[in-house]
Every structure is written in structure tokens, then in C-alpha cells.
Trainee: 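Below is one structure. I have some questions about it.
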Amino acid sequence: MGLIKLDDPVSRIKSVGDRWTTKLKNLGIETIRDLLYHFPVRYEDFSEMYKIGDLIPRQEATIQGIVEEIDSRRSWKRNLLITEATISDDSGSIRAVWFNQPYIKTILRPGTLANFSGRVSGSGEIPRTDGVNAGGYLSNPTYEPIRNEEVATKHTARIVPVYPETKGLTSKGLRNMVTIALENLVKIPEPIPLPILNGENLPGINQAIQNIHFPPKLDDATDAKRRFAFENLFLLQVYNLKQKIHLARSASIDLPTDLPYVKSLVDRLPFPLTFSQKKSLWEILKDTGKKTPMNRLLQGDVGSGKTVVAAIAALNAVKAGHQVAFMAPTSILAAQHYNTFLRLFGDFTGGVALVTSGESEVFYGHDLTSKVSKQQVIGEIKRNKIKIAIGTHALIQKEVNFPDVALVIVDEQHRFGVKQRDELLKNKSAGLVPHFLSMSATPIPRTLSLTLFGDLDLSVISEMPKNRKKIITKVVTPEERKNTYAFIRDEIKSGRQTFVICPRIDKPDETPDILWQVKAVKEEYRKLSQDIFPDLKTAMLHGKMKMNEKEKTMKDFLDRKIDILVSTSVIEVGIDVPNASIIMIEGADRFGLAQLYQFRGRVGRGEHQSYCFLLTDSESKKANQRLKTIEKAKSGFELAEYDLKMRGPGEFLGQSQTGMPDLAMKALQNPDLIKRTRELAFETLKEDVHLKKYPALRVRLSLFEKNIHWE
Ligand code: ADP
Ligand code: MG
């Protein structure tokens with residue numbers, strides 16, 4: 001096969017054909033690197049071989065035996081095909097049972113010698129005599145026929161990795177691919193500078209990548225994990241520091257604060273700004289007044305009023321004579337910001353535009369709003385006639401060119417990658433880097449933000465506007481479900497709308513119904529629209545829908561064409577539906593508290609009393625207690641701190657949002673390691689800011705940059 005490189009596509013592995021590449025893609029795996037960095041979630045220790053006669057109930061173990069007989073039958077439960085085998089060695093015999101894997105019969109023919117690793121289920125003792133015991137059996141054991149005793153086993157009789165799986169691709173399949181990749185892999189260059197590697201007593205990259213998949217001992221896996229956690233934190237610190245150094249050496253346009261103007265804008269608002277809005281605004285204005293680029297994150301709970309702060313900063317930039325680009329992750333959000341802007345600052349005549357893939361509009365003051373073609377708007381931006389452009393990705397397309405952009409604002413930036421951010425920054429006027437403000441409602445504890453976003457300065461809006469009604473929040477027990485539906489019906493009858501959130505889109509196919517308890521959008525949608533509320537208008541929304549379908553559904557909901565919207569967490573991002581008064585969250589115990597808090601922020605945005613119902617089937621006292629903290633919580637940050645303590649950072653940030661592997665997320669809780677990696681990053685860059693001495697680190701860093709999507 002020849003040697004495999006990290007950047008090769010997974011199809012380099014001989015057995016990986018088209019069928020597998022699509023499945024691997026579902027797991028985000030396209031290259032050998034992706035495959036090898038798809039780390040196990042846990043290991044099963046089957047390293048010790050047992051005699052069948054020595055097995056005890058509930059133990060996990062590997063046995064080696066001969067298949068005596070094997071047969072399949074349908075069970076009375078729908079769609080469950082049971083394959084049952086009898087396996088024996090010289091100490092006894094035991095049954096093995098598999099579900100819905102009929103092909104096993106063709107692999108484990110009677111007479112086959114194989115290893116079986118798994119858990120002994122059932123209650124009965126296993127006799128030391130030959131008879132098969134009806135009580136104890138191996139449930140869904142991993143099997144591996146032994147053809148040649150010399151070849152090392154992959155699935156049994158060792159410490160076995162268990163991976164995040166996808167439909168049709170199990171850990172077993174992944175193990176096979178990882179084994180081939182590791183056997184043929186070109187040596188990976190070490191990205192961590194050697195003195196640091198040795199000083200911290202970490203295993204080298206090649207050993208670590210081998211051991212994280214197939215550790216000879218569990219301790220070896222622990223060392224490998226420690227290494228990768230360190231590597232990620234170290235890269236993060238190097239990245240942050242490099243950004244800081246880079247920005248400190250760049251120049252941008254200074255936008256002096258026109259105090260009387262800013263004051264007049266604030267005075268004209270229909271509400272007083274909160275203290276932290278004023279403070280944040282002041283921090284931003286101070287930064288944008290400098291000749292070095294601002295790089296600031298404005299954090300605040302949903303509804304805390306970030307937009308108005310950003311809008312005033314934008315107006316000040318225009319007053320100083322320059323352009324502003326304001327980006328949102330979806331068309332709906334962009335339109336919402338545009339409308340908010342017009343509502344609050346309707347007498348602005350400098351030229352505001354809305355630019356999304358679907359619509360474009362310009363506004364030069366009252367009565368001058370017009371729908372114009374996108375081409376026209378782009379032309380106006382280019383001719384510097386539009387001073388504030390509000391839009392989506394459409395703003396960073398090649399043909400859009402700001403001749404004089406001095407400030408870039410990005411809302412809910414966890415939807416934007418670093419690359420996109422760079423594209424915005426490419427719009428340099430005379431080599432000057434625009435000031436950059438990102439806004440986020442993701443409540444991240446301060447300690448964590450400082451590490452994750454060490455390259456950004458932080459402004460926090462920590463209080464809500466005073467006029468808000470408190471959202472009535474309640475943990476609902478299964479017995480109260482019926483009453484809750486009745487309540488929802490009443491609210492809808494009086495004109496309101498409801499969100500229903502489920503943890504998943506779909507039920508995984510391979511799971512028998514009886515074992516599946518998590519609420520899924522598709523199922524819940526069917527149930528609500530057909531059985532519970534057949535007379536109401538129900539729709540669903542989830543991440544697998546196309547962008548325009550999602551936007552259409554959201555727009556219909558906004559236009560009150562839909563009463564109940566059943567959705568996954570995709571509605572998390574800041575959409576304002578003032579008429580929605582109820583959010584009902586299924587499987588609430590499966591979400592992070594901060595995330596639940598975010599969901600709740602979807603309601604209570606209009607004048608109506610709003611409600612948040614948290615449903616859980618979990619009987620665990622701890623889970624319910626955890627949910628109850630939301631009833632009392634004053635801010636998302638408070639909950640984030642609580643969750644950080646209880647569950648660790650990965651749980652409320654989620655890997656997909658940060659691009660950080662779980663183990664690095666866990667390491668974020670380790671203040672000593674954070675401090676240590678920062679020091680080491682500083683030392684490394686102080687000596688060699690362009691990392692000339694460390695080409696492997698440079699390469700690794702550029703990959704790292706590509707993969708971070710956090711805000
Ligand atoms: P977010 O921080 O979630 O982006 P928005 O900026 O969308 O919040 O603000 C939510 C709503 O609150 C908007 O309608 C906005 O006009 C209003 N708002 C903002 N600041 C205040 C305030 N200080 N007092 C009252 N209402 C405010
Ligand atoms: Mg917002």
C-alpha cells in the first residue's frame with residue numbers, strides 16, 4: 001500500500017470504499033488525520049482472558065472458545081432479530097446473544113475458534129461443568145475469529161478503544177481502519193518543542209497517537225490523553241499570544257469619540273441604557289479611538305441589549321467618516337438587526353443597507369427605503385455611499401468590497417470560523433486593519449473566557465433591562481405532562497405561540513424502541529401534530545434541513561403562520577419572536593444549564609407573561625436539583641459557573657462549538673495547566689516569534705487555526 005500520510009484522504013486505506021467514506025464523513029472524518037484524531041471516548045479492558053467456567057455475572061471479560069451452534073430468530077418485540085450462539089472451552093459453555101446482526105451467522109459458523117469480549121448478563125451462576133446455564137449469557141459481545149494465533153487481536157483480549165460511532169459504522173469498523181492507518185503511517189513530526197516535551201514529561205506524538213487508540217496499559221492511554229490535552233492548550237495559548245502580538249503591531253483607523261453625538265444618541269433611545277451597557281459602550285469607544293485594532297468580545301445574555309451598544313459604536317464610526325460592516329449568522333437575524341437599527345435610529349441618513357442572499361435593501365433616511373438589487377447595493381458599498389452594511393455571509397463574498405471599513409461587528413460569532421473572520425479583515429483600507437467587535441450570548445464563565453478568548457478583550461453586559469417580566473420556569477414531572485399540554489392549548493387559543501425543544505433529530509435506527517427514551521424532533525412532531533394538537537399548526541425545525549427551509553420555517557413562525565415549533569437546539573441563536581410565550585424543553589437533563597438558559601431566552605421578549613417548562617424522565621434527584629437551579633438563577637453566567645463545577649467545560653460548550661477535543665476542554669478546568677501553557681507559549685514566542693525553529697509547530701498551528709470556530 002505504501003506509506004500513508006496524515007493529509008491523505010481516508011480512502012487511502014484499501015478497504016475504505018465509497019460506502020465508508022460517506023459514513024466517515026458523518027463523523028467529520030475525511031483525512032487520515034481526522035481518523036487518527038477521532039479519539040476513543042472510553043476503553044474496555046479485555047486484556048485478561050478468562051475461562052468460561054470462571055466467569056461471574058456482570059463481569060466484563062474476554063473468553064476464547066469454539067462456536068458449538070448458532071441460530072437466529074425473530075423476537076415478539078417488533079423488529080428485533082436475535083442471534084444466539086453456544087460457545088465452549090474446556091471449562092464450560094455459555095450462550096452469546098446479539099440483536100439485529102443476522103450476518104454474524106455467516107462469520108461465526110459452528111466450529112469457529114474465536115475470542116468474545118463483553119459483559120456477562122443475567123443472574124444465574126455459570127456452572128463449572130459442561131452444561132449451558134440458562135441464567136448467565138454474553139450480551140452483544142464483540143467477536144473476533146482467530147485464524148492465526150500469531151496476529152495480534154484488535155477487538156478482543158486487549159484494552160479496546162470505544163469510539164463515537166455513527167449509523168452503520170461501529171467502533172469495530174473504526175478499529176480496523178485505525179489499525180491499518182497506524183501500521184502504514186509516515187512518522188509524524190513533533191509539534192511540541194522538544195525541551196517542553198521533555199520538561200513536561202509527555203510522550204512524543206507518534207507514541208501518543210498509537211497509545212491513545214491501542215494502549216498496552218490504561219496508564220499509557222492516560223499519558224497520551226495528557227499529552228493531547230497539553231498540546232491543545234499550548235496551541236491555544238500560542239495562537240492567542242500570536243494574535244495579540246500581530247494586532248499590537250498592526251495599525252487601524254482611530255475613530256475619535258464624538259461625545260455630544262453619542263450622548264444625543266443615548267438620550268434619544270426609548271429606554272435608559274443599563275449600567276453595564278454604558279460601561280461596555282465606553283470600553284468599545286475607548287478602544288476604537290486608538291490607532292491599534294480593537295479585538296473585543298461583547299458578552300451578554302440574550303435580550304441584554306448588545307445590539308444597541310454595537311449600533312451606537314457603529315454610528316460613532318460613521319460620524320468619524322468611515323464604514324462599518326455588521327454581520328449576523330442568518331438572514332433572519334440580519335433583517336432583525338436592520339429593522340432594530342431603523343426603529344431606533346430612523347433619522348440616520350448616512351446610508352444603511354441590508355445585504356443577504358435573498359434580499360437587499362438600502363435606507364437613506366425616512367421615505368427613502370427601497371428594495372434594490374444586490375448588485376446595486378454592492379455598488380453603493382464600493383462607492384462608499386453606504387456607511388453601515390448589515391448582512392450575512394453575503395458581506396464577505398469576493399465581489400463585496402468596502403473601500404473604507406473601520407469597524408467590523410459580528411453577532412453570535414460561534415457560527416463564524418476564523419477563516420471567515422479573516423475574509424472580513426481582508427477588506428483593508430490602505431493597509432489598515434479594521435477594529436473588530438464580536439458579540440455572543442453564550443454564557444461562559446469569566447475564567448474560561450480569558451483562556452479560550454485570550455486574544456480578545458472582554459466586555460460583559462451583566463444585567464438585564466429593568467422592564468422585563470420574569471419568565472415563570474417550572475420543572476415538569478411526567479404526571480404533569482397532560483396538564484402542561486392543556487395549558488399550552490389555552491395560551492395558543494389566546495394568540496400566543498410555543499417552542500418545543502428536543503435533544504435529538506431522530507431515533508438511531510439500530511436501537512430497539514424499548515431501549516430508546518430520548519425525545520426526538522421527528523417523533524415528537526408526529527405525536528404533537530397528529531395526536532395531541534391535530535387542530536393546531538405545528539412545524540419542525542432541525543439542523544439537517546437546508547438553510548433556506550430553516551429560514552422559511554422560522555419566518556413562518558415569526559409571521560404567526562405556525563403555532564407550535566418543534567425544534568432541536570438550532571433555535572438557540574438570537575431570534576426575536578415576541579409573540580412566543582412558552583418554551584417547553586424535552587429531555588431537559590440532557591442539556592447544559594447555560595444552554596437551557598439560552599433556550600429560555602427565546603421567550604419573554606414581548607409584553608406577554610412567558611413560561612419555560614423543563615421536562616425530564618430522569619428520576620435522579622441530582623438531575624432534578626440541577627434543573628431547579630434555573631428556576632432561581634439570575635444570569636446565564638451564574639449557571640455557567642455552576643455547570644462548569646458540576647459537569648466540566650465540554651458539557652456546556654460542546655465540542656462542535658469550540659473545535660476543541662473533549663480532553664482539552666477538560667484541561668481548561670485545570671488552572672495550573674492553563675498558567676503553565678501560557679508561560680511556555682510566551683517563552684517560545686519571545687525567543688522566536690515566527691516559530692522559525694519549529695516548523696512542525698507552525699504547521700500544526702495553522703491547522704489549529706482552521707479548526708477553531710469559537711466566538
Ligand atoms: P441581545 O443582547 O440578545 O442581542 P438585543 O440587543 O436584541 O439583545 O435587545 C433585546 C431587546 O431589548 C431589543 O428590543 C432592544 O431594543 C431592547 N433593549 C436593549 N437595551 C434595553 C434597555 N436598556 N432597556 C430596555 N430595553 C432594551
Ligand atoms: Mg442579539
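When a ligand or atom number is given, it counts from 1 through the structure's own listing order.
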Trainee: Over 60° means perpendicular and under 30° means parallel, so tell me whether Y611 and F613 are parallel, tilted or perpendicular.
Mentor: parallel
Trainee: Walk me through whether K561 and L558 qualify under side chain to side chain contact (heavy atoms under 4.5 Å, CB included).
Mentor: CA-CA 8 Å; K561 290 184 193 151; L558 209 53; over 6 Å; no
Trainee: Taking atom types as modelled, find out whether Q497 and N579 have a side-chain donor-acceptor pair closer than 3.5 angstrom.
Mentor: yes
Trainee: Distance under 4.0 Å to a non-hydrogen atom of S304: what atoms of ligand 1 satisfy this?
Mentor: 2 (O), 8 (O)
Trainee: Hey, which atoms in ligand 1 end up nearer than 4.0 Å to a heavy atom of R343?
Mentor: 14 (O), 16 (O)
Trainee: Does any N or O of ligand 1 fall below 3.5 Å from an N or O anywhere on V308, backbone included?
Mentor: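 In this structure, V308 places no N or O atom under 3.5 Å from an N or O of ligand 1.
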Trainee: For ligand 1, indicate whether the residue Q277 contacts it via side chain, backbone, both or neither (heavy-atom separation under 4.0 Å).
Mentor: side chain
Trainee: May I ask you to identify, for D411, whether its side chain, its backbone, both or neither come under 4.0 Å of ligand 1 on a heavy-atom basis?
Mentor: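 Near ligand 1, D411 shows nothing, with every heavy atom at 4.0 Å or more.
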Trainee: Just to check, does L273 reach to within less than 4.0 Å of ligand 1 when the distance is taken from its heavy atoms?
Mentor: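 L273: in contact with ligand 1 (<4.0 Å).
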Trainee: For T274, take its heavy atoms, then give the atoms of ligand 1 lying under 4.0 Å from any of them.
Mentor: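 Reading through ligand 1 atom by atom, the close ones are 23 (N).
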Trainee: When you measure from the heavy atoms of V309 to every atom of ligand 1, does any distance fall below 4.0 Å?
Mentor: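 Per 4.0 Å heavy-atom rule, V309 does not contact ligand 1.
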Trainee: Once you measure the plane-to-plane angle for H337 and F326, does it fall in the parallel (<30°), tilted (30-60°) or perpendicular (>60°) bin?
Mentor: tilted
Trainee: Heavy-atom distance under 4.5 Å between the side chains of L458 and Q299, does that happen here?
Mentor: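 A side-chain contact under 4.5 Å exists here.
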Trainee: Under 4.5 Å between any side-chain heavy atoms of K374 and Q397, yes or no?
Mentor: yes
Trainee: Regarding E551 and K555, does a basic nitrogen lie under 4.0 Å from an acidic carboxylate oxygen?
Mentor: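 Salt bridge flag = no for K555 with E551.
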Trainee: May I ask you to list the atoms of ligand 1 that are less than 4.0 angstrom from any heavy atom of T307?
Mentor: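 Near T307, the atoms of ligand 1 are 4 (O), 5 (P), 6 (O), 7 (O).
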Trainee: Below 4.0 Å from any atom of ligand 1, is there a heavy atom belonging to G300?
Mentor: no
Trainee: Run the numbers for me: atoms of ligand 1, each under 4.0 Å from some heavy atom of P272, listed by number.
Mentor: 22 (C), 23 (N), 24 (N)
Trainee: Is there a side-chain contact between D347 and R268 in this structure, where contact means two heavy atoms from C-beta onward sitting under 4.5 Å apart?
Mentor: yes
